[in-house]
2 protein chains.
Amino acid sequence: MITGLDHIAVAVPDLEKAVKRFLEDFGLSYDGTEDVETAKTSTAFFPIESASIELVSPLRGEGPIAKYLEKKPGGLHHLCFSTDDIVADVARLKTLGYQFITDEPSLGAHNCQVIFIHPKSCDGVLIELSQPGDDHH
Amino acid sequence: MITGLDHIAVAVPDLEKAVKRFLEDFGLSYDGTEDVETAKTSTAFFPIESASIELVSPLRGEGPIAKYLEKKPGGLHHLCFSTDDIVADVARLKTLGYQFITDEPSLGAHNCQVIFIHPKSCDGVLIELSQPGDDHH
């Protein structure tokens, strides 16, 4: 029986640089690195607490997911980190050289404030930051 | 401050079909769907327990991640579900029409038995199944 999600794998060209990013810039816990000879990979582990998998599809055939699906059959689209102060985190990450897709956060699911870091700032991975709104359930 | 992972977003062309897959075939809990007008998406939520983010890079410039990085700067590579009986789950999913990249599970990180479902069976998403080995920490 499938018992849950074990991990989300992110392919990175430079492991040391990526570990630094997820540990220092994004503030995750780091649980070490293992060389997996059978898979010919070196893998760094970052345990996470409860989260969710969100399946996203276009609303009325419009929007960014519709555009994405013009080129692909579907796929892993982005990771979203929660923050308790999105304005401060955007300012901090901008100082570190991160580029954002929009200048300001906007309203996302569950009435959250959300903003996206440009994939070119994260080795091709689209990263969202999200701050819960007042009526977050 | 970034406080953790909020979600992993998976773009899907047919939300109803994808919800059925993640709920019935993969056995996740389903927490409803929300139309997000500002993002022009319809989004289905599947809460998950603790998991990890794994940054994977090529070992000695070889292997599947090296091949992946020839075409991309990096990116979200796959989701891995844990299972307590990988042989039974592979048999069950094969009966449902899922195709696998290899015939048999092989040894992965942490001494787990792992196998990959072909992305064409999951709307372009690469899915790994993993059963912990005896010395899983």
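Numbers restart at 1 for each chain; the letters A, B, ... are given by sequence-line order, proteins then strands.
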Worksheet item: Most heavy-atom pairs under 4.5 angstrom with chain A, which of B:L126, B:D123, B:V36?
Response: B:D123
Worksheet item: What residue in B:A44, B:P119, B:G124, B:G61 has the most heavy-atom pairs under 4.5 Å with chain A?
Response: B:A44
Worksheet item: Most heavy-atom pairs under 4.5 angstrom with chain A, which of B:P73, B:G63, B:S50?
Response: B:P73
Response to the item:
One option among B:K40, B:H7, B:Q131 has the most heavy-atom pairs under 4.5 Å with chain A, and it is B:H7
Item to complete: Check whether any side-chain heavy atom of B:L55 lies under 4.5 Å from a side-chain heavy atom of A:F45, and answer yes or no.
Response: no
Item to complete: With a 4.5 Å cut-off on heavy-atom pairs, point out which of A:D35, A:T83, A:I48 contacts chain B the most.
Response: A:I48
Worksheet item: For A:D89, is it the side chain, the backbone, both or neither that has a heavy atom under 4.5 Å from a heavy atom of chain B?
Response: side chain
Fill in: A:S121 side chain to A:Q99 backbone, donor-acceptor under 3.5 Å
yes
Worksheet item: With under 30° as parallel and over 60° as perpendicular, where do the rings of A:Y98 and A:F26 fit, or are they tilted in between?
Response: tilted
Worksheet entry | Side-chain (B:T43) to main-chain (A:V56) donor-acceptor, under 3.5 angstrom | no
Can I get a per-line list of side-chain donor-acceptor pairs under 3.5 Å for residues 12-19 of chain A, giving both atom names and the distance, sequence neighbours left out?
from: A:D14; atom 1: OD1; to: A:E16; atom 2: N; distance (Å): 3.3
from: A:D14; atom 1: OD1; to: A:K17; atom 2: N; distance (Å): 3.1

Fill in: Interface residue of largest heavy-atom contact number with chain B, from A:G75, A:S130, A:S29, A:G27, under 4.5 Å
A:G75
Response to the item:
So, the part of A:S106 with a heavy atom under 4.5 Å from chain B: the answer is neither
Discussion item. Shorter than 4.5 Å, heavy atoms on both sides: which option in A:I53, A:V125, A:T38, A:T3 has the most such pairs with chain B?
Written reply: A:I53
Practice prompt. Identify which of B:T41, B:L107, B:L129 forms the greatest number of heavy-atom pairs closer than 4.5 Å to chain A.
Written response: B:T41
Worksheet item: Which bit of A:I86 comes within less than 4.5 Å of chain B, counting heavy atoms only: side chain, backbone, both or neither?
Response: neither
Discussion item. According to side chain to side chain donor-acceptor pair (under 3.5 Å), does anything in residues 57-76 of chain A pair up with another residue at least two apart or in another chain? List the pairs.
Written reply: A:R60-B:E37
Practice prompt. Against chain A, work out which of B:L28, B:L69, B:D25 has the most heavy-atom pairs shorter than 4.5 Å and name it.
Written response: B:L69
Response to the item:
When the 4.5 angstrom heavy-atom criterion is applied to B:I65 and chain A, the contacting part is side chain
Worksheet entry | Under 4.5 Å from any heavy atom of chain A - which part of B:D85 | both
Fill in: N/O donor-acceptor pair under 3.5 Å between B:T102 side chain and B:E104 backbone
yes
Item to complete: For the residue pair B:I127 and B:F116, establish whether any side-chain heavy-atom pair is separated by less than 4.5 Å.
Response: no
Worksheet item: Aromatic rings A:F22 and A:F81: how do their planes relate, parallel, tilted or perpendicular, breaks at 30° and 60°?
Response: perpendicular
